[in-house]
**Q** 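The structure that follows is given in the form of C-alpha cells.
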2 protein chains.
Amino acid sequence: MRRNQTGYVILGLLSIESNQSGYDIHKTIKGSVGYFWGESYGQIYPALKRLEAEGLIVSSQSTSAGRAERREYSITPAGHKRLEEWLALPFRDDPPRNELLLKLFFGREAPPSVSIKHVQEYQDGLRRLLGILLETEKIGRARNSDNPNLPFWMLTLTFGVAQIRAALEWSDSALAMLSSAEAAAPLNPPPAENVP
Amino acid sequence: MRRNQTGYVILGLLSIESNQSGYDIHKTIKGSVGYFWGESYGQIYPALKRLEAEGLIVSSQSTSAGRAERREYSITPAGHKRLEEWLALPFRDDPPRNELLLKLFFGREAPPSVSIKHVQEYQDGLRRLLGILLETEKIGRARNSDNPNLPFWMLTLTFGVAQIRAALEWSDSALAMLSSAEAAAPLNPPPAENVP
DNA sequence: ACACACATGTAATTGGTTACATGATTTC
DNA sequence: GAAATCATGTAACCAATTACATGTGTGT
C-alpha cells in the first residue's frame, strides 16, 4: 500500500464503524464522502484482501440464516496505527481536471450557445448537489448530535456548500458575459488563427 | 480517440496558435490551462502521432540552422471540425477526489493539530495560487486586449479566483473550529469505535 | 413472475504518471 | 566547463473504471 488511497478510506470507515462488508463500504462511501471521493467494487474487494493480508483488518464470515453470504471486516490496532500515520502525512492536492473549463477556454471556436448550454447544465448540477448536501447536513446533524466525528464531517460539508455557492455566483456572471457575446457575435465565429 | 481528452486539448491549442511542437504544447498548457488541466509528455507525443495519422493535424520538420530538431504541428480543417464537435458534446464533470477533505473527514482519529496543519498548508497553497492567477489575469488582459479569445480565458480565470476566495473563507472558519477543538480535547483522542 | 437490493468477485481496458534514454544549444 | 533549457520519444508501472459473471432474498 503505497499511495493507494482506497485502503485508507476503508480503514477510516472501519475506524468509525466496524463489521462492515465490501458492499456496505461501497454504500457508506456513496452516502458520506461520496461527493468528494468515490471507490468502485473493482478497487474495494481487492483492497480488503490486501488489508487483511497485512493484518490491518480482520474478517469474519457472517452466516445468519436466510441471508446472503457476507464477510464482515473490522479494523485492528495495527490498522488504527496505519490510519493515524497516513492522516499525519501531507495531503497531495492534484489540480483537478475540469472539463467544463477546458471547453469554455476554447469556447470561441464554437457558437456562444454551446458555452451557454454547458454553463446552464453546470448550474443545474450545482443546484441539485447543493440540495443534496444541505439535506445531508440536516440529517447528519440530527442523527449524530452526540457523535464526536460530527464537527469533522460538517467541515467537509461546509466546504462543499461554500464551493457550490461561489460556483453558482460565478455561473450567473458567466451567463451574462456569454449572452452579451451571443447578441454581438455572428452565429458561428470565423476561426481566428495566429492571434497570440 | 474516444474520451481521451489529450487530443482535444492539443486541437484546441493549435486552433489558437499554429506551428507548435510537442514541447511548446506542454509549456503552453502549463501557462494557460495549467491550473485546471495538465498533460505529460507521455501523453502528448503519442497523441500528436495519433492526431496526425487521423488527419486532424499536420506536421513539418523545422530545420532552422543552429537549433535543435523540432517538429511543428498545425491544425487541419478536419481537426477544426472535430474540435467543434467535441465542444458541443456534454462535458463530464467527475467529482474531484479531494484528499484534504478525506483526511479532515477522519480527522477525529488524530490529534486536532494534524488537521490544523493540513488546513494551514492548504491555505498557503491557495494564497500562492491566487497570486499566480491574479498575475496571469493582469498580464493576459494587457497582452490580449484585442484577442477575441480573451473573454473566454477570463471566464476560466474568474472561476478559479472565485473558488479560491470561497475556499480561503472556509479555511478560516475551519481553523477556528479546529483550534477550539484543540483547546477542549486531550492531545490524542481515544478512538471511538461503534458510534454509528 | 419480475424487479430490486444484497452480496462477491475477476478481467479487460483505459488513462495517466514517472522514470528512463538521448542529445543539442544556450547561458552563466 | 557546468547548468539550464530545448527537444523527442519509449517503457514500466499504477490507479481506476467498466463490463462481466454469478447467485440469494425480499417485496410487489
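Quick note on labels: first sequence line is chain A, next is B, and so on, each numbered from 1.
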**Q** Identify whether any heavy atom of A:Asp24 sits under 4.0 Å from a base atom; if not, whether one sits that close to sugar-phosphate; answer base, sugar-phosphate or nothing.
**A** sugar-phosphate

**Q** What is the ring orientation for B:His118 with A:Phe91, classed by angle as parallel under 30°, tilted 30 to 60°, or perpendicular over 60°?
**A**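 Plane angle over 60°, so perpendicular.
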
**Q** Which part of the nucleic acid, if any, lies within contact of A:Glu69, taking any heavy atom under 4.0 Å across all strands shown: a base, the sugar-phosphate backbone alone, or nothing?
**A**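 Answer is sugar-phosphate: A:Glu69 comes under 4.0 Å of backbone atoms only.
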
**Q** Quick check for you: among C:dT17, D:dA16, D:dT17, whose closest atom lies nearest to any side-chain atom of A:Thr6?
**A** D:dA16

**Q** Closest to the B:Tyr45 side chain: D:dA7, C:dG15, C:dT8?
**A** D:dA7

**Q** Which angle, rounded to 10°, do you find between the first-five-pair axis and the last-five-pair axis of the helix from C:dA1-D:dT28 to C:dC28-D:dG1?
**A** 30°

**Q** Calculate the interatomic distance between A:Gln61 atom CD and D:dT24 atom P; express it in whole Å.
**A**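 One finds 15 Å between P of D:dT24 and CD of A:Gln61, rounded.
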
**Q** Would you check, one step at a time, whether the test salt bridge (charged side-chain N to carboxylate O under 4.0 Å, His left out) holds for A:Arg70 with A:Glu72?
**A** CA-CA 6 Å; A:Arg70 169 188 162 84; A:Glu72 292 181 343; 2.9 Å; yes

**Q** Do B:Gln20 and B:Thr28 have a side chain donor and acceptor closer than 3.5 Å?
**A** yes

**Q** Quick one: sort the A:Phe159 and B:Trp170 rings into parallel, tilted or perpendicular, breaks at 30° and 60°.
**A** perpendicular

**Q** Going by ring-ring contact (aromatic ring centres under 6.0 Å, His included), name the pairs with one or both residues in residues 119-143 of chain A, residues two or more places apart or in two chains.
**A**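 Residue pairs passing ring-ring contact (aromatic ring centres under 6.0 Å, His included), neighbours aside: none found.
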
**Q** With sugar-phosphate meaning primed atoms plus P, OP1 and OP2, does B:Gly22 contact a base, only sugar-phosphate, or nothing at under 4.0 Å between heavy atoms?
**A**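 Contact class for B:Gly22: sugar-phosphate only.
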
**Q** Nearest to the side chain of A:Arg71, heavy atoms from C-beta on, is which of C:dG16, C:dT8, D:dT17?
**A**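 Output: C:dT8.
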
**Q** Should we say atom CD of B:Glu169 is surrounded by more than 12 heavy atoms from elsewhere, each under 6.0 Å from it?
**A** no

**Q** Taking only nitrogen or oxygen atoms into account, show me every contact under 3.5 Å that the protein makes with nucleotides 3-5 of chain C, one pair per line with its distance.
**A**
none

**Q** Checking side-chain hydrogen bond (donor to acceptor under 3.5 Å, both in side chains) for the pair B:Gln61/B:Glu69: CA distance, chi angles, key distance, verdict?
**A** CA-CA 8 Å; B:Gln61 188 90 25; B:Glu69 241 182 39; 3.3 Å; yes

**Q** Assuming nearest nucleotide by heavy-atom distance, tell me which of B:Arg97 and B:Ser21 is located more 5' along DNA chain D.
**A** B:Ser21

**Q** Decide, yes or no, whether a salt bridge links A:Lys30 with A:Glu39 under the criterion of side-chain N to carboxylate O below 4.0 Å.
**A** no

